[in-house]
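Taking it in order: structure first as structure tokens, then the write-up.
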Amino acid sequence: MVKDSPSESNGDLPDRAGFWSKVHKRVQLNSADAIRRSNADLDPVPPQRRTWRTYNFVMYWISDNFSPNGFRNAASLMEIGMSWRDSLVCVVIAQFITGLVIVFNGVVGSRYHISFSVQARASFGYYFGYLMIVMRMIVGIFWYGINAYTGAECVRSMIYAIWPSFHHLKNGLPLSAHIDTQFMTAYVVYFVIVLPMHLIPMHRLKWLFLVKAITTPIVGFAIIGWVIHTVGVSQTSLWTQKTTLHGSTLAWTFLNGLYANIGSWSTLAINVPDFTRYAVDDRAAYITAFVLPATGALVTFFGVVVAAGSDILYGKIFWDPLLLIDEWTSRGGRAAAFFCAFFFLISQIGVNIAANSVSAANDLNCLFPRYINIRRGQIIVAFLGSWALTPWNILTSAPAFISFMAGYAVWLGPIAGILLSDFYLVHKQKYDVWELYNEHGIYRYNKWGTNWRAFVAFFIGWVPLLPGFIPTVNSSIKVSAGIQHLYDLGYFYGCGSAMLSYHLLCRFWPAEETMLDRAVLPDEDLLQTHSGLMMEEGIEAALGDQVVEIKRDNY
């Protein structure tokens with residue numbers, strides 16, 4: 001008897017192989033380029049998708065600051081003894097410094113039209129850059145979940161305004177869940193609302209920020225107008241509060257406040273190329289240096305007015321504007337509360353997409369370019385941040401973890417310093433954009449794909465800060481005043497020391513293969529290099545996705 005061959009005795013194998021092959025083909029992106037480990041979202045942005053102008057960045061930063069979190073800027077500083085005036089100055093200086101870092105680092109995106117995920121390869125090396133990407137992705141996903149919690153608070157205020165009986169909804173969840181039925185309902189509603197927003201293409205997100213920039217300042221002015229009209233803020237002791245700190249204690253507290261406020265923007269300072277890459281030119285985002293501190297000062301002042309008025313009206317200080325509008329229980333008051341909460345919700349959605357969702361999605365896009373683009377990445381981040389991390393557990397039972405996340409600037413500061421040093425001091429703003437996509441190109445640096453200069457500078461930037469960071473996570477650990485003071489200078493030391501040490505290392509041990517006579521940009525050089533080919537094939541001179549294909553074919 002003739003024995004069946006394996007393929008005949010297991011006749012279902014071809015079908016299984018065919019099924020998984022179809023699944024793989026289905027999930028793989030059509031634009032994926034396995035040779036260059038890239039796709040359409042990771043490639044330099046083509047001209048037709050560069051739609052962000054100066055006013056779009058103005059709207060972006062206005063919308064980012066005018067949020068419930070913006071109202072709380074002064075709260076922590078005033079609670080430890082600083083007056084509202086000193087707190088306001090601290091916030092403005094912090095946002096001015098952050099604005100400068102954002103402007104300088106944003107030039108990489110607006111000139112080369114690449115994301116941070118690609119930019120990191122130029123300074124850290126092709127493979128070491130992946131570690132920086134993963135670090136930023138983790139903090140982005142966690143902060144996404146925490147901001148989703150704030151978004152759910154906006155939804156809860158909206159529901160309170162529509163159905164006051166929602167205040168008394170019976171809880172059916174156990175105490176160990178750290179969330180009640182009332183808030184879980186609002187959280188689910190928020191998630192359903194926000195999920196489709198992640199499907200908006202990046203170059204069209206500017207319209208969301210335009211709506212936010214118009215509506216949220218109106219809400220802010222309306223709230224403080226009501227407060228001033230109703231009670232008059234001059235009556236409260238909060239308004240006339242003096243700084244209770246003096247001498248060196250005040251100075252170090254002020255510096256610690258600077259560090260905390262800069263730290264809250266440290267992620268955006270790194271991932272700003274994710275947005276400036278959509279700019280029409282490299283000057284469009286310069287306005288950030290003015291708009292960010294100006295709007296930060298205004299919304300912080302709003303927060304002080306709201307807190308002062310609530311102290312008179314209700315006998316307790318509301319740093320959160322959502323808590324204030326929840327007290328508006330009359331028919332007209334509930335209508336006003338609904339619209340205020342609704343526009344705060346829009347603001348919170350925009351903040352979370354801009355600061356966390358898009359950045360983490362770009363990181364996933366770079367890590368898995370064959371399967372994940374920005375849209376898919378944002379959906380993954382939404383589920384991981386909102387549900388896998390259960391932010392209500394983080395906020396309720398792990399305050400030390402929030403301190404840890406706030407202190408993440410210990411690592412983000414050195415990354416920013418190295419990026420700025422590499423672009424401005426070492427490479428003199430001259431990159432070869434296409435070599436950044438070449439695994440074996442000039443930015444590989446060595447066989448391990450690691451720029452050892454960046455490796456050393458990175459550790460110089462954060463290791464001395466680690467002893468001062470540990471007590472913020474575990475309060476039982478005590479350190480000397482000198483170590484704590486160094487930590488209070490965290491972002492300045494981390495960013496500055498990494499920037500200087502990287503520059504010196506590159507000066508004495510330069511990576512000659514990465515030094516260019518001129519920048520290789522994604523547009524002009526392609527047009528010149530392939531002009532003959534484009535004319536022969538009758539391709540129009542207008543640049544677009546076709547240009548990227550030409551470059552791919554020539555790799």
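In this text the structure is predicted, and so the values were computed from the model without any measurement.
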So Phe96 and Leu292, do their side chains get closer than 4.5 Å, heavy atoms only? no

Do the side chains of Arg111 and Gln429 get nearer than 4.5 Å, heavy atoms only? yes

Report yes if the side chains of Phe57 and Val291 come closer than 4.5 Å at any heavy-atom pair, otherwise no. no

May I have the step-by-step check of salt bridge (charged side-chain N to carboxylate O under 4.0 Å, His left out) for Asp523 and Arg50, ending in yes or no? CA-CA 12 Å; Asp523 296 343; Arg50 301 173 198 165; 2.5 Å; yes

Residue among Tyr190, Tyr149, Tyr160, Trp392 satisfying ring pair (Phe, Tyr, Trp, His ring centres under 6.0 Å) with Phe183: Tyr149

Do you see a donor-acceptor pair shorter than 3.5 Å between the side chains of Asn65 and Thr295? yes

Output for pair (Ile138 CD1, Trp411 CH2), nearest 0.5 Å, gives 11.0 Å

Using the side chain to side chain contact (heavy atoms under 4.5 Å, CB included) rule, take Glu435 and Val520 through it: C-alpha gap first, then chi angles, then the decisive distance, then the call. CA-CA 9 Å; Glu435 283 293 299; Val520 179; over 6 Å; no

Judged by modelled atom types alone, do Ser117 and Asn362 share a side-chain donor-acceptor pair under 3.5 Å? no

Any idea which heavy atoms bring Lys212 and Val351 closest together, and the distance? NZ-N, 3.3 Å

Whether the side chain of Asn147 engages the backbone of Asn352 through a donor-acceptor N/O pair (distance < 3.5 Å, no angle test) should be reported. no

Could you check, using the six-membered ring where one of them is a Trp, whether Trp61 and Phe209 have ring centers closer than 6.0 angstrom? no

Between Asn105 and Tyr424, do the side chains contain a donor N or O and an acceptor N or O under 3.5 Å apart? no

Grab the two heavy atoms, one from Gly145 and one from Tyr187, that are nearest each other, plus how far apart they are. O-OH, 4.4 Å

From Cys366 atom SG to Arg136 atom CZ, the distance as rounded to the nearest 0.5 Å: 9.5 Å

When you compare the side chains of Ser110 and Asp282, does any donor N or O come within less than 3.5 Å of an acceptor on the partner? no

Pair Phe275, His113 - check ring pair (Phe, Tyr, Trp, His ring centres under 6.0 Å), show working. CA-CA 9 Å; Phe275 289 91; His113 304 288; over 10 Å; no

Does Phe339 CZ have over 12 foreign heavy atoms under 6.0 Å away? no

Before we go on, tell me: are the rings of His427 and Tyr431 under 6.0 Å apart, centre to centre? yes

Does the distance from a Lys or Arg side-chain N to an Asp or Glu carboxylate O, for Asp43 and Arg277, drop under 4.0 Å? no

Compute whether any side-chain donor of one residue and acceptor of the other, for Asp274 and Ser359, lie under 3.5 angstrom apart. no

With side chain to side chain contact (heavy atoms under 4.5 Å, CB included) as the criterion, how do Val103 and Val272 come out once you've worked through the C-alpha distance, each side chain's angles and the decisive distance to 0.1 Å? CA-CA 8 Å; Val103 167; Val272 66; over 6 Å; no

Testing the basics here: between Pro217 and Ile62, what is the closest heavy-atom pair and its distance to 0.1 Å? CG-CG2, 3.8 Å

Would you call the rings of Tyr126 and Tyr130 parallel, tilted or perpendicular, where under 30° means parallel and over 60° means perpendicular? perpendicular

Tell me, yes or no, whether the heavy-atom count around Phe290 atom CZ, taken from other residues, nucleotides or ligands under 6.0 Å, exceeds 12. no

Is any side-chain heavy atom of Ser266 closer than 4.5 Å to a side-chain heavy atom of Tyr491? yes

Looking at the rings of His229 and Phe221, which for Trp means the six-membered one, are their centres under 6.0 Å apart? no

Measure the shortest side-chain to side-chain distance between Arg36 and Trp434 over non-hydrogen atoms and say whether it is less than 4.5 angstrom. yes

Distance check, rounded to the nearest 0.5 Å: Ile346 atom CD1 versus Ile214 atom CD1? 11.0 Å

Which atom names give the shortest non-hydrogen contact between Ser421 and Tyr502, and what distance separates them? OG-CD2, 3.5 Å

Would you call the rings of Phe191 and Trp387 parallel, tilted or perpendicular, taking 30° and 60° as the class edges? perpendicular

Between Phe344 and Phe71 (judged by ring centroids, cut-off 6.0 Å), do the two rings come close enough to count as a pair? yes

Non-hydrogen atoms of Val433 and Ile114 that approach each other most closely: CG2-CG2, 3.7 Å

Under 3.5 Å, is there a donor on one side chain and an acceptor on the other for Gln348 and Ser67? no

Indicate yes or no: at least one non-hydrogen side-chain atom of Val92 is less than 4.5 angstrom from one of Val89. no

Are side-chain N/O atoms of Asn39 and Asn365 paired as donor and acceptor at under 3.5 Å? yes

Decide yes or no for Leu268 and Thr98: does some side-chain heavy atom of the first lie under 4.5 Å from some side-chain heavy atom of the second? no

Measuring only between side-chain heavy atoms, which start at C-beta, is Leu419 closer than 4.5 Å to Gln119? yes

Would you tell me whether Arg72 and Asn69 have side-chain atoms, one donor and one acceptor, within less than 3.5 Å of each other? yes

Strictly below 4.0 Å, N to O, side chains only: are Arg334 and Asp326 in salt-bridge contact? no

